[in-house]
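The figures here come from the full heavy-atom set of this structure, side chains too, leaving out hydrogens, waters and symmetry mates.
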Amino acid sequence: MTRQIVTRFAPSPTGDLHIGGARTALFNWLYARGRGGKFLLRIEDTDRERYTPAAAEAIVTGLRWLGLDWDGAAVSQFEQRHRHAAVAHEMLARGTAYKCFSTAEEIAAFRTAEEAAGRYPVFQSPWRDADPATHPDAPFAIRMKAPRDGETVIMDQVQGQVVIKNATLDDMIVLRSDGTPTYMLAVVVDDHDMGVTHVIRGDDHLNNAARQQMVYNAMDWDVPVWAHIPLIHGPDGKKLSKRHGATAVGEYQLQGYPAAGMRNYLARLGWAHGDDEFFTSDQAKAWFDLSGIGRAPARLDFKKLENISGQHIAAAENAALLHELEGFLAANGQPALTDTQRDLMSRGLYCVKDRAKTFFELLDKAQFMLARHPILADEASAKLLDSVSRGILKDLTPRLQTAQWTKEALEVILNDVAVRHGIGFGKLAAPLRAALAGRTVTPSVYDMMLVIGQDETILRIGAAAA
RNA sequence: GGCCCGUUCGUCUAUCGGUUAGGACAUCUGGUUUUCAACCAGGCAAGAGGGGUUCGACUCCCCUACGGGCUGCCA
C-alpha cells in the first residue's frame, strides 16, 4: 500500500490571495483530491513585521470562494516557532549546523566590499569549524553546515533533474540570533511534521529546494516529491503586477466570474489534458497530473477567461447559479434579491444564462425580471415606441388578455398582429421588447412574456403604449 | 556578476525522432436570426537565431539572443 498523498498550500499573508498563488493552491488541491489524498493549508506568518491578520483572512476568503477546501485547521507557521528552534538545536547537536557569531553588520560590510570589488562570492562564516572553546559570550545565529563540494540534485516532477553546485550555496541561517527560525528551516520542519509528500509550488523556489533538501538530509528525513511550476505573467509577458489589472482573486469574484470558470481557466494555465478546454472540477481532479504541467510561464488572457466563464454560467444548475449570483451581489455590496425577484429569476434564468459571460452581464440581461412596471425605456428603445408602434401594441393588448399563456398561443397572436399591420415580425418584436424590458437587447420576447407572466406583461405594454 | 529555469499561431496549449505541426480563445469572411448572445461554414496564423547528432529533428546536444527566478539574520 502506498503512502497517502499529502499536499499543501503555504502562502505568506502579505496581501490578498494572488492569482498565481490561487493557481498553485488549485494544482495542489487537484492533485490531492484526485488521488484520495489530503490538501493542507499553512499560513507562513513568521515575518511578524509584515504579518497582518487581515491578509491571512483574505487568503482564507479567497480559497473559500474558489471552492478549494483544505483538510483540518489552517496551520500557523509562527505558532510552530519553538519546534523549529528545537530542530535547529538538534542540528547543532548532530553537527549538521553550527553557531555563527558574525554580526549582520559584518556580513553586510563583507558583501558591499566584495561587490565594490566586482565579486559576488558567497559569505563563508569564520565560525564554521571554530573550536567551541573560542566561542564568545555573545548572541549567535545557527547556520547549517552545508556541503561545500559536490552538487545537490533536485528530482523535480516538472523541471526534471536540476543540478546545483554546492559551492554556489552559502551556509544559510536556520535560526536567527534572536532565536526565531528562518523560512528555509520553517518550511522544511512544517512540511515534514505535516506529513507533506508532494511540494507543488512556484518555480521561484526551485533554487531554494536545494538548500531545503540539505535540511532534510541533515535531519535524516524523507525528501518530498518536488514539483516547481512556472509563474504566471501579465498579458505583456512581464511578471504579473498591479498594473496588469486584477492580481487578487477577490477582484475576479467582484468582476463576476463564477468560481467553476475560474478553476477551469486557472487549471488550463500551464497545464493541459490533450485538447480538453472546458471541463468540470471533477474531471480536472481525475485528469490532473504533474506530468501535464508545462515548463514555460503562462500569460493571462482575459478574453479566454470570459469565454470559459460564460460556458460555466451556461452549464450551471439554475439553483446553484442563483445562489452564486446572490453571493456575487453580496460581495459587491449590492442589495439582496427580494423574494419576488428570486422567484422570477429561478424561473427565468434559463433564457439569460447562456448569453452571459459574467454575473454582471447575467444581471444586465435579467433586468426584465428584476424590474416592475412601469418599465423605464432607455434612450434607444424609447425611440422604438413611436405613435405607430404604440398603436400596434394597443391593438395587441386585448388579444393578450384572452390568450392562453403558452409559447405556441403567443406565437399565433403575435404573427397574426404583425400580418394585420403589414409588418415583419422583427418590426413588432422591437417595440414589444422596449415595452417589456426598456432595452433593445433582451432575451426572446416570448421568453420574457412567459417568465414575467400575463398580468405583468399587459401592465408593461399598457404603460408603454399610453 | 554567478547559478538555475524557460522560448510551438496574437494568447493558452497538443506533439513525447517520421504529422499537410492539431485544438481552444481572439480575429477576419460568409450563413442563420426576433435584438444580443449563441450557432453553422470557412479563412488568417507558429517551432527565437545559429551550429551539430541522425536516413530523418519542434522533439536530442552545444552556442547565441531574449525573458524569468534565485543570489537576505524576507517569505
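- The nearest whole Å value for the distance from the CZ atom in A/Arg295 to the P atom in B/rC58 is 18 Å.
- Taking every side-chain heavy atom of A/Arg211 into account, B/rU71 is the closest of B/rC4, B/rA75, B/rU71.
- For the 3.5 Å distance criterion, the side chains of A/Thr180 and A/Asp178 qualify, holding a donor opposite an acceptor.
- In the set B/rG6, B/rC4, B/rC73, B/rC4 carries the atom at the smallest distance from any side-chain atom of A/Val162.
- Residue contacts for A/Asn208: at a heavy-atom cut-off of 4.0 Å it reaches a base atom on one of the strands shown.
- Rounded to an integer number of Å, the gap from CE of A/Met184 to C1' of B/rC70 is 9 Å.
- Between A/Ile229 and the options A/Asn28, A/Ile200, A/Asp203, a side chain to side chain contact (heavy atoms under 4.5 Å, CB included) holds for only A/Ile200.
- Distance check on atom P: B/rG50 versus B/rA24 gives 31 Å, rounded to whole Å.
- Here the nucleotide nearest the side chain of A/Arg143, chosen from B/rA75, B/rC73, B/rU11, is B/rC73.
- Checking A/Arg433 against A/Thr442 by side-chain atom types alone, a donor-acceptor pair falls below 3.5 Å.
- As judged by a 4.0 angstrom heavy-atom cut-off over every strand, A/Ala296 is placed among residues touching the sugar-phosphate backbone only.
- Using the Watson-Crick or G-U wobble rule with both distances under 3.5 Å, B/rC44 pairs with nothing in any strand shown.
- Below 30°, between 30° and 60°, or above 60°: for A/Trp127 and A/His135 the angle between ring planes is above 60°, a perpendicular geometry.
- Only the P atoms considered, B/rU11 is 16 Å distant from B/rG67, to the nearest whole Å.
- Contact of the A/Thr457 side chain with the A/Trp405 side chain is registered, since non-hydrogen atoms from C-beta on lie closer than 4.5 Å.
- Nucleotide B/rU53 has no partner under the Watson-Crick or G-U criteria, as no pair reaches both atom distances under 3.5 Å.
- Note on A/Arg439: nothing from the nucleic acid sits closer than 4.0 angstrom, heavy atoms only.
- Pairing of B/rA75, defined by two Watson-Crick or G-U wobble distances under 3.5 Å, is not identified with any nucleotide.
- Summarising the base pairing, B/rC9 is matched to no nucleotide, lacking a Watson-Crick or G-U wobble pair whose two defining distances lie under 3.5 Å.
- As judged by a 4.0 angstrom heavy-atom cut-off over every strand, A/Met172 is placed among residues making no nucleic acid contact.
- Using bins of under 30°, 30° to 60° and over 60° for the plane-to-plane angle, the ring pair A/Tyr216/A/Trp226 lands in the perpendicular bin.
- Nucleic acid contact class of A/Ser125 (heavy atoms, under 4.0 Å, all strands): none.
- At a cut-off of 3.5 angstrom, the base of B/rG69 holds no donor-acceptor pair with the side chain of A/Asp203.
- Distance CZ (A/Phe302) to C1' (B/rC12): 14 Å, rounded to an integer number of Å.
- For B/rC58, there is no paired nucleotide, since no Watson-Crick or G-U wobble pair has both relevant distances below 3.5 Å.
- Using Watson-Crick or G-U wobble geometry with both donor-acceptor distances under 3.5 Å, B/rC3 finds its partner in B/rG69.
- Side-chain atoms of A/His233 lie closest to B/rG68 of the nucleotides B/rC73, B/rG68, B/rA75.
- Remark on RNA chain B: of its neighbouring residues A/Asp204 and A/Leu175, the 5'-side contact belongs to A/Asp204, judged by nearest-heavy-atom nucleotide.
- Note on ring orientation: taking the six-membered ring where Trp is involved, the planes of A/His312 and A/Phe278 are tilted (angle from 30° to 60°).
- The base of B/rC73 lies outside donor-acceptor range of the side chain of A/Thr182, with no N or O pair under 3.5 Å.
- Across all strands shown, B/rU20 has no partner, as no Watson-Crick or G-U wobble contact with both distances under 3.5 Å is found.
- A/Thr46 comes within 4.0 angstrom of sugar-phosphate atoms only, judged by non-hydrogen atoms across all strands, and of no base.
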### Query
What is the per-nucleotide protein-contact pattern of nucleotides 26-39 of chain B, from the 5' end, where B denotes a base atom under 4.0 Å from a protein heavy atom, S denotes such proximity for sugar-phosphate atoms only, and - denotes neither?
S-------BBBB--
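- Note on A/Ile173: a base of the nucleic acid sits closer than 4.0 angstrom, heavy atoms only.
- Nucleic acid contact for A/Val163: sugar-phosphate only, since backbone atoms but no base atoms lie under 4.0 Å from a heavy atom of the residue.
- One interatomic measurement links the two molecules: CZ of A/Phe279 to P of B/rA14, which rounds to 12 Å at whole-angstrom precision.
- Between A/Tyr446 and A/Phe425, the angle of the ring planes stays under 30°, which puts this pair in the parallel group of the 30/60° scheme.
- Rounded to a whole angstrom, the distance from the P atom of B/rC60 to that of B/rG6 is 10 Å.
- To the nearest whole angstrom, the two P atoms, one in B/rC36 and one in B/rG18, are 48 Å apart.
- Rounded to whole angstrom, the span from the CD atom of A/Gln157 across to the C1' atom of B/rC5 amounts to 17 Å.
- The side chain of A/Asp47 has B/rA75 as its nearest neighbour among B/rC5, B/rC73, B/rA75.
- No engagement by A/Gly424 is indicated, since no non-hydrogen atom pair under 4.0 Å with the nucleic acid exists.
- Electrostatic pairing of A/Lys165 and A/Glu151 does not count as a salt bridge here, judged by no charged N lying under 4.0 Å from a carboxylate O.
- The side chain of A/Arg111 contributes an N or O atom lying less than 4.0 Å from OP1 or OP2 of B/rG72.
- Atom OH of A/Tyr183 and atom C1' of B/rC70 are 12 Å apart (whole Å).
- Closest to the side chain of A/Arg268, out of B/rA14, B/rC73, B/rC12, is B/rC12.
- Taking only side-chain atoms of A/Ala272, from C-beta outward, the nucleotide of B/rA24, B/rU13, B/rC70 with the closest atom is B/rU13.
- For the 3.5 Å distance criterion, the side chains of A/Ser76 and A/Asp45 qualify, holding a donor opposite an acceptor.
- Contact detail for A/Ser281 and A/Arg263: the closest heavy-atom pair is OG-NH1, 2.5 Å.
- Separation of the C1' atoms belonging to B/rA14 and B/rU53 is 26 Å when rounded to the nearest angstrom.
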